[in-house]
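Hydrogens, waters and symmetry mates play no part in the numbers below; they use all other heavy atoms, side chains included.
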Amino acid sequence: MGTHSAVAHSLLDTADTLVLQTGNLLNWGCLKKKCPATPTEELQDCIRTILNEWSSKISPGPVQEIPQNLECALSQAMETINPDEREELKVSVKLFVVYPSLSSIRHAVDMACSTLGVAQLDSVIIAPPPLEECMTVSMEHVQPYWEELESLVTDAKVVAIGTSDLDKALLEQLYIWAKIKPNSNQVNLASCCIMPPDLTEFAKQFDIQLLTHNDPKGKLCL
């Protein structure tokens, strides 16, 4: 097991990109037995399990060619959407940007479509990019990512696009500026017990769906 681990660490250290695919978490027997207390704990459990399974299958011999892109998946949990059931399902994706890379937006959408076996996503929500503690999210931070989402709608890869954790003022700025308007905006339950009245009124006026979430703020501690 030590040799497997050493080879795995070597591959991880030299790879440029690491893709982790959890598959359908409902197929994970371990998570049925142990219910994670928080989204962060759930993500940690998923990453730990995937990397352990991946490393255990690596040949202990010398690596002939070191790949730049590593893909680790829990094979028994992977499944695609049945084409006969596609019309009955709404496929939504939430993107968390952890470093400034616009190309990662399209890559993530393409990968989601490929993994699920669909040609198009019904909805994509993007979380605000992470900033330094002294900074607040502004249109300057949101615009580049929104333009990338708009191009995905234009290319028929996504039907509707939405935002997360925007207050009324910033959501209004985005709505006025955007060519393709936000379809939804998520509000963190940790930040308010009820929806802010001004946000609710604005969303109702412009037919923007308000949703709730409990995803942790900032980068997840892994």
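- Note: the hydrophobic cluster containing Leu210 does not contain Ile125 (ILVMFWY, side chain heavy atoms under 4.5 Å, direct or indirect links).
- Residues Ala119 and Lys157 share a closest heavy-atom pair of O-NZ, 3.9 Å.
- At a threshold of 4.5 Å between non-hydrogen side-chain atoms, the residues Asp165 and Gln186 do not count as touching.
- The hydrophobic clustering, which links ILVMFWY residues whose side-chain heavy atoms are closer than 4.5 Å, places Leu211 and Val187 apart.
- Contact between Arg106 and Ser151 at its shortest, heavy atoms only, is NH2-OG, 3.1 Å.
- Rounding to the nearest 0.5 angstrom, the gap separating the CG atom in Asp110 from the NE2 atom in His107 is 8.0 Å.
- Summarising the geometry, atom OG belonging to Ser55 is positioned 12.0 Å from atom CD1 belonging to Ile50; distances are rounded to the nearest 0.5 Å.
- Panel note: side chain Glu150, backbone Lys179; a donor-acceptor pair is recorded below 3.5 Å.
- Listed here is the closest heavy atom pair of Ala178 and Trp146: CB-NE1, 3.4 Å.
- Residues Asn185 and Leu199 are in side-chain contact: their nearest non-hydrogen atoms beyond the backbone lie under 4.5 Å apart.
- Taking each heavy atom of Cys72 and Leu51 in turn, the nearest pair found is SG-CD2, 4.3 Å.
- In this structure, Leu89 and Asp122 have side chains that are not in contact, with every pair of non-hydrogen atoms separated by 4.5 Å or more.
- Other residues, nucleotides and ligands contribute at most 12 non-hydrogen atoms within 6.0 Å of the CG atom of Asp207.
- Counting heavy atoms from C-beta outward, Thr212 and Met195 have side chains that approach closer than 4.5 Å.
- For the atom pair CG of Leu171 and CD1 of Ile208, the computed distance is 4.5 Å after rounding to the nearest 0.5 Å.
- Residue Leu174 comes nearest to Pro182 through the heavy atom pair CD2-CG, 4.3 Å, listed as atom of the first residue, atom of the second, then distance.
- Contact check for Leu149 versus Val158: no side-chain heavy atoms found under the 4.5 Å cut-off.
- Between the side chain of Asn188 and the backbone N or O of Asp215, at least one donor-acceptor pair lies under 3.5 Å.
- Atom CD in Glu201 sits 10.0 Å away from atom CZ in Phe206 (nearest 0.5 Å).
- Listed for the Ser56 side chain is a donor-acceptor partner under 3.5 Å among the backbone atoms of Glu53.
- Hydrophobic clustering of Ile, Leu, Val, Met, Phe, Trp and Tyr side chains at less than 4.5 Å, counting indirect connections, keeps Val118 apart from Met111.
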| What's the verdict on side-chain contact (heavy atoms from CB on, under 4.5 Å) for Arg48 and Asp45, showing C-alpha distance, side-chain angles and the deciding distance? | CA-CA 5 Å; Arg48 189 179 302 111; Asp45 288 345; 3.0 Å; yes
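- A 6.0 Å sphere centred on CD of Glu71 holds more than 12 heavy atoms belonging to other residues, nucleotides or ligands.
- Lys168 contributes atom NZ, which lies 12.0 Å from atom OG1 of Thr200 (distance to the nearest 0.5 angstrom).
- Looking at Ile126 and Ile161, their side chains never come closer than 4.5 Å, going by heavy atoms from C-beta outward.
- Linking Ile, Leu, Val, Met, Phe, Trp and Tyr whenever their side-chain heavy atoms come within less than 4.5 Å puts Val137 and Leu95 in one cluster.
- Remark: Lys94 NZ is packed, more than 12 non-hydrogen atoms of other residues, nucleotides or ligands lying under 6.0 Å away.
- Put simply, Val19 and Leu102 are part of two different groups of oily side chains (I, L, V, M, F, W, Y) that touch within less than 4.5 Å, one to the next.
- By the 4.5 Å heavy-atom criterion applied to side chains, Arg86 and Val91 are counted as neighbours.
- Note: Tyr175 and Phe202 have perpendicular aromatic rings, judged against thresholds of 30 and 60 degrees for the angle between ring planes.
- No side-chain heavy atom of Asp167 sits less than 4.5 Å from a side-chain heavy atom of Pro196.
- Checked by atom type and distance alone, the side chain of Asn82 pairs as donor or acceptor with a backbone atom of Asp84 at under 3.5 Å.
- One finds the CG atom of Leu70 at 5.0 Å from the CH2 atom of Trp54 (value rounded to the nearest 0.5 Å).
- In the model, Ser138 has a side-chain atom that pairs as donor or acceptor with a side-chain atom of His141 under 3.5 Å.
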